[in-house]
Amino acid sequence: VSTATGGNWATGGTWVGGSAPAAGQIAIIATTGANSVTVAAIATCAGIKINNGAKLNIGAFTLTVNGNITINSGATWNETAAATVPCSGNFTNNGSSFTASTGTHTFSGGSKIISGSTATSIPSVAITGTITNNGTLIVSTGLSGAGTLTQGATGVLNIGNTSTITGLTASAAGNLVNYSRANTQTVKNATYFNLTLSGTSAKTITTASVTVNAVLSMEGTASASAV
């Protein structure tokens, strides 16, 4: 179902056909300019596509997407408060602007992909499925979850704080993982292709459990503390 005009997500008149998206429908944000759409209550849909020039605003509510999220070139995703976004499909960000709040974005499902030409910066990310990152994912507060995040060859993962995720696979040729906290930080036991330690203070590495197959880079005033 596509938007007919801007307005509240839950208002029927915002949408072609006069009804807000049902849980089994894909929502297409198509109206542009001042006709942005705002999620101002709990909502569920089967997918979201934001077209060029369109804008989706999300307040402090849970927006459950049981399918793909596609942010097309020229589109805007804007969280104005602590939104919670569970997504069980692929996530593609080619938008002109992506703003995430302090709420958690949870990525679930099997063999799903995070991709896109625009860097995706989300403070809190939970991985509960098997997810491949082919884009640039910046996690500034916490990377968690009982699933597995696999770095594709083009994947860039910036971990700005804690990482308690169960599975991290980062051995694909070309990918980069950067531990960038401006404080002490523990590097997850894994095999990395390119590994950067940046920010400040000591980054703790378990030498028997961390392998770097290509480049280990030290940046900023970070130091390595081996245990």
Side-chain angles (χ1 to χ4, degrees), residues 36 38-40 42-43 48 50 55-65 68-71 75-109 112-129 131-152 155-168 170 175-188 190 195-201 203-204 219-220 222:
S36 62
T38 299
V39 177
I42 294 171
I48 292 176
I50 309 175
K55 181 178 183 180
L56 178 64
N57 303 304
I58 308 168
F61 305 95
T62 297
L63 174 59
T64 301
V65 184
N68 300 333
I69 295 176
T70 303
I71 306 167
T76 297
W77 176 290
N78 179 45
E79 296 175 23
T80 59
T84 302
V85 184
C87 174
S88 59
N90 298 317
F91 178 91
T92 305
N93 182 12
N94 293 315
S96 61
S97 178
F98 180 90
T99 302
S101 66
T102 56
T104 300
H105 284 232
T106 300
F107 295 93
S108 62
K112 303 304 180 182
I113 296 173
I114 296 172
S115 65
S117 59
T118 302
T120 298
S121 182
I122 304 173
S124 296
V125 171
I127 303 293
T128 60
I131 311 297
T132 297
N133 175 37
N134 290 332
T136 297
L137 178 61
I138 303 167
V139 185
S140 58
T141 300
L143 177 63
S144 63
T148 297
L149 179 63
T150 298
Q151 286 284 92
V156 175
L157 174 62
N158 191 318
I159 302 172
N161 205 315
T162 60
S163 175
T164 60
I165 190 171
T166 297
L168 176 61
N175 93 90
L176 168 67
V177 178
N178 179 18
Y179 288 84
S180 61
R181 187 184 184 198
N183 206 325
T184 57
Q185 197 171 16
T186 299
V187 175
K188 183 170 179 61
L195 175 63
T196 296
L197 308 180
S198 64
T200 65
S201 304
K203 312 298 178 182
T204 300
E219 299 179 5

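Just so it is clear, the structure is predicted and the values come from calculations on it, not from any experiment.
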As a quick check of understanding, evaluate side-chain contact (heavy atoms from CB on, under 4.5 Å) for Lys188 and Ile159, giving each step before the final call.
CA-CA 11 Å; Lys188 183 170 179 61; Ile159 302 172; over 6 Å; no

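Every residue two or more places apart in sequence or in another chain that forms a side chain to side chain donor-acceptor pair (under 3.5 Å) with Ser101 is listed here: Glu79. Qualifying ring-ring contact (aromatic ring centres under 6.0 Å, His included) partners for Phe91, counting only residues two or more places apart in sequence or in other chains: Phe98, Phe107. Qualifying side-chain contact (heavy atoms from CB on, under 4.5 Å) partners for Thr166, counting only residues two or more places apart in sequence or in other chains: Ala146. Under the rule for a side-chain contact (heavy atoms from CB on, under 4.5 Å), the partners of Ser97 that lie at least two apart in sequence or sit in another chain are Thr76, Thr99. Under the rule for a side chain to side chain donor-acceptor pair (under 3.5 Å), Ser144 has no partner lying at least two apart in sequence or in another chain. Taking the side chain to side chain donor-acceptor pair (under 3.5 Å) definition, one finds that Asn158 meets it with Ser180, sequence neighbours left out. Not counting sequence neighbours, the partners of Ser198 by the side chain to side chain donor-acceptor pair (under 3.5 Å) test are Asn178. Under the side-chain contact (heavy atoms from CB on, under 4.5 Å) criterion, Ser201 pairs with Asn183, Thr184, not counting sequence neighbours. Take Thr204 and apply the side-chain contact (heavy atoms from CB on, under 4.5 Å) test, not counting sequence neighbours, and it matches Thr186, Ser225, Val227.
Side-chain atoms of Asn94 do not come within 3.5 Å of backbone N or O of Gly116 as any donor-acceptor pair. Counting only distance, with no hydrogens or angles, the side chain of Asn175 and the backbone of Ala170 share a donor-acceptor pair below 3.5 Å. Side-chain atoms of Asn68 never come within 3.5 Å of backbone atoms of Gly89 as a donor-acceptor pair (strictly under, hydrogens ignored).
Here CD of Gln185 is found 7.5 Å from OH of Tyr179. Values are rounded to the nearest 0.5 Å. In this structure, Cys87 SG and His105 NE2 are separated by 9.5 Å, a value rounded to the nearest 0.5 Å. Going from atom CG of Leu137 over to atom CG of Leu143 covers 7.5 Å, rounded to the nearest 0.5 Å. Here the straight-line distance linking atom CD1 of Ile50 with atom CD1 of Ile69 works out to 8.0 Å at 0.5 Å rounding. Taking CZ from Arg181 and CG from Asn161, the interatomic distance works out to 4.5 Å, rounded to the nearest 0.5 Å.
Taking 4.5 Å as the limit, some side-chain heavy atom of Ile114 sits within range of a side-chain heavy atom of Ile131. Annotation: side chain of Leu176 is in contact with side chain of Thr196 (closest heavy-atom distance under 4.5 Å). At a threshold of 4.5 Å between non-hydrogen side-chain atoms, the residues Leu149 and Leu157 count as touching.
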Tell me which donor-acceptor pairs under 3.5 Å the side chains of residues 56-63 have, and how far apart each pair is, sequence neighbours excluded?
from: Asn57; atom 1: OD1; to: Asn78; atom 2: ND2; distance (Å): 3.0
from: Asn57; atom 1: ND2; to: Ser36; atom 2: OG; distance (Å): 3.2
from: Asn57; atom 1: ND2; to: Thr38; atom 2: OG1; distance (Å): 3.4

Name every donor-acceptor pair, under 3.5 Å, that has one atom in a side chain of residues 118-125 and the other anywhere in the protein, sequence neighbours excluded.
from: Thr118; atom 1: OG1; to: Gly95; atom 2: N; distance (Å): 3.4
from: Thr118; atom 1: OG1; to: Gly95; atom 2: O; distance (Å): 2.6
from: Thr120; atom 1: OG1; to: Asn93; atom 2: ND2; distance (Å): 3.0

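Nearest heavy-atom pair across Gln151 and Asn133 is OE1-ND2, 2.8 Å. Nearest heavy-atom pair across Gly142 and Val139 is O-CG1, 3.2 Å. Nearest heavy atom pair, residue Gly152 against residue Thr132, reads N-CG2, 3.9 Å. Between Thr84 and Pro86 the shortest heavy-atom distance is O-CD, 3.6 Å.
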